[in-house]
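Quick notes on the structure that follows.
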2 protein chains.
Amino acid sequence: MPGEGLRDRKKRRTRAALARAAVLLAAERGLDHVTVDDISAAAGVSPRTFFNYFAGKEEAVIGPDPDAAARIAARIAAQPEDRSAAVVVRDTLLAEIADELADDPELCLLRIKVVHQHPALLTRLFAAGEETEQHMVAAVAARCGLSPHDIYPHLLAAAAGAAFRVAMTRWASPEGRRDPARLAELFIEAMDLVAAGLADPPHRSDEG
Amino acid sequence: MPGEGLRDRKKRRTRAALARAAVLLAAERGLDHVTVDDISAAAGVSPRTFFNYFAGKEEAVIGPDPDAAARIAARIAAQPEDRSAAVVVRDTLLAEIADELADDPELCLLRIKVVHQHPALLTRLFAAGEETEQHMVAAVAARCGLSPHDIYPHLLAAAAGAAFRVAMTRWASPEGRRDPARLAELFIEAMDLVAAGLADPPHRSDEG
DNA sequence: GGAGAACGTGCAGACACTGCAAATTTGCAT
DNA sequence: ATGCAAATTTGCAGTGTCTGCACGTTCTCC
């Protein structure tokens, strides 16, 4: 973060301002009634600059993080050796959620709300998840001593992504709590089920 | 299929013609150099009509099937009672692939080629997969005697989708065969791994 | 064969997005 | 400080996407 130069810091701020403006305006009027010009104006840059950062307003609302790949790889590499691959991936994603929610909780909630009102955005959000999965593959393969072409890392990453989406969807549904801890619970439950195998539904004796 | 009326048949043909034209033209010049006007002209309808069928040229290339939901539900319901949920889902998806490939193999291959050249399309394709997953949830839940709100059907569908995407990606990669049977093999392998649990990589003694 | 619905089409218009070149800002070495 | 090189912002022009609306045509059903 330090020694990063004024230039990079400014870019980061511009990107954040655009993403923030996109979410705020979309939450207020609905994404269909927000133009790129509106977002750019709210962020204090020209419309042309908007497209230097995002491919369109949908992407701005989702607000993908360019640094995610490096951070995820570092997180996977940093975990103790004695953990199963599934647990490593699980905890890495949990840490990512925690960080994202800690960074700006209100904006996150607003984003969820906007996504809820626009199924097309859900698709984009999941697509961003696919990206994240790809970033994990190499790190998982290295950790397990497998080739990046082996099917296992790909499957684990994809399955973790699936568990994450399911947890996210349930968390965002109207019923139930909607705090970070609850999301973590749901994701852990989902991930453990996947890691344990899904051939048949578990006979549940506990939980509600 | 019979007693369907001239109207529905015509709609089906128009949709197919548009989707076909989209794939053919995109394969020929690259999607960026194909306009909606081009596609519409090739299909023999007005540009305005194009948008009555597809939201944009990307969707036309992917060519989602409006009848998929009903067909999938029927397939799940039609399978013998004594199979595990995972196997039922697996075989349902296998049947879907087989049908799609049988319908027009060359077009399928071309579509794959086009998608390969346009990562944005990959995203769309996966998004279509998400739709399919949602369609399976209710049918799986009913079959297992679970509530559609239970997490198991959602997870199984999502995990199956993940396995399918991984299989698809590997199948479409340059190396290796690219016939329907190979795709089926890959998907079965992936699905069995997921169904068996992913906590740790399997120690492989067989296979290459 | 006629009422009514569904579909195709043309038009107008707002908006999305992209190249290009000029202007501005920043990094760095003198 | 000062000047040069690279990165970034910006305006502009132009193409293409997508939508709402109204009207003509085609099918369905009675």
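Chain letters run A, B, ... following the sequence lines, proteins first, then strands; residues in each count from 1.
The distance between atom CG of B:D38 and atom P of D:dT15, rounded to the nearest whole Å, is 15 Å. One atom, CG of A:L25, and another, C1' of C:dC15, lie 16 Å apart when rounded to the nearest Å. Rounded to whole Å, atom P of D:dT26 lies 17 Å from atom CZ of B:R9. Put simply, NZ on B:K11 is 14 Å from P on C:dT9, counting in whole angstrom units. B:D8 places its CG atom 8 Å from the P atom of C:dC7, with the value rounded to the nearest Å. If you take CZ of A:R13 and C1' of D:dT8, they are 14 Å apart, rounded to a whole angstrom. Whole-Å rounding puts the A:D37 CG to C:dA16 P distance at 7 Å. Atom NE2 in A:H33 sits about 13 Å away from atom C1' in C:dC15, given to the nearest Å.
Interface remark: the A:R7 side chain does not form any donor-acceptor pair with the D:dT8 base, using a distance-only criterion of under 3.5 Å.
At a non-hydrogen distance threshold of 4.0 Å, A:R48, A:F51, A:A55 from residues 43-55 of chain A come into contact with DNA chain C.
The closest donor-acceptor contact from the side chain of A:D38 to the backbone of A:T35 lies under 3.5 Å. For the pair B:R111 (side chain) and B:V61 (backbone), a donor-acceptor distance under 3.5 Å is present. Distance alone, capped at 3.5 Å, places no donor-acceptor pair between the B:R177 side chain and the B:L183 backbone.
Residue B:E100 qualifies as open at atom CD: its count of foreign heavy atoms under 6.0 Å is 12 or below. At most 12 non-hydrogen atoms from other residues, nucleotides or ligands lie less than 6.0 angstrom from CD of A:E131.
Residue B:K10 has a polar side-chain atom (N or O) positioned under 4.0 Å from OP1 or OP2 of D:dC27. For C:dA16, the OP1/OP2 oxygens have a side-chain nitrogen or oxygen of A:K57 closer than 4.0 Å.
Note: A:L24 CG to A:R29 CZ = 10.5 Å, rounded to the nearest 0.5 Å.
Taking the six-membered ring for Trp and the full ring otherwise, A:F126 and B:F126 have centroids separated by 6.0 Å or more.
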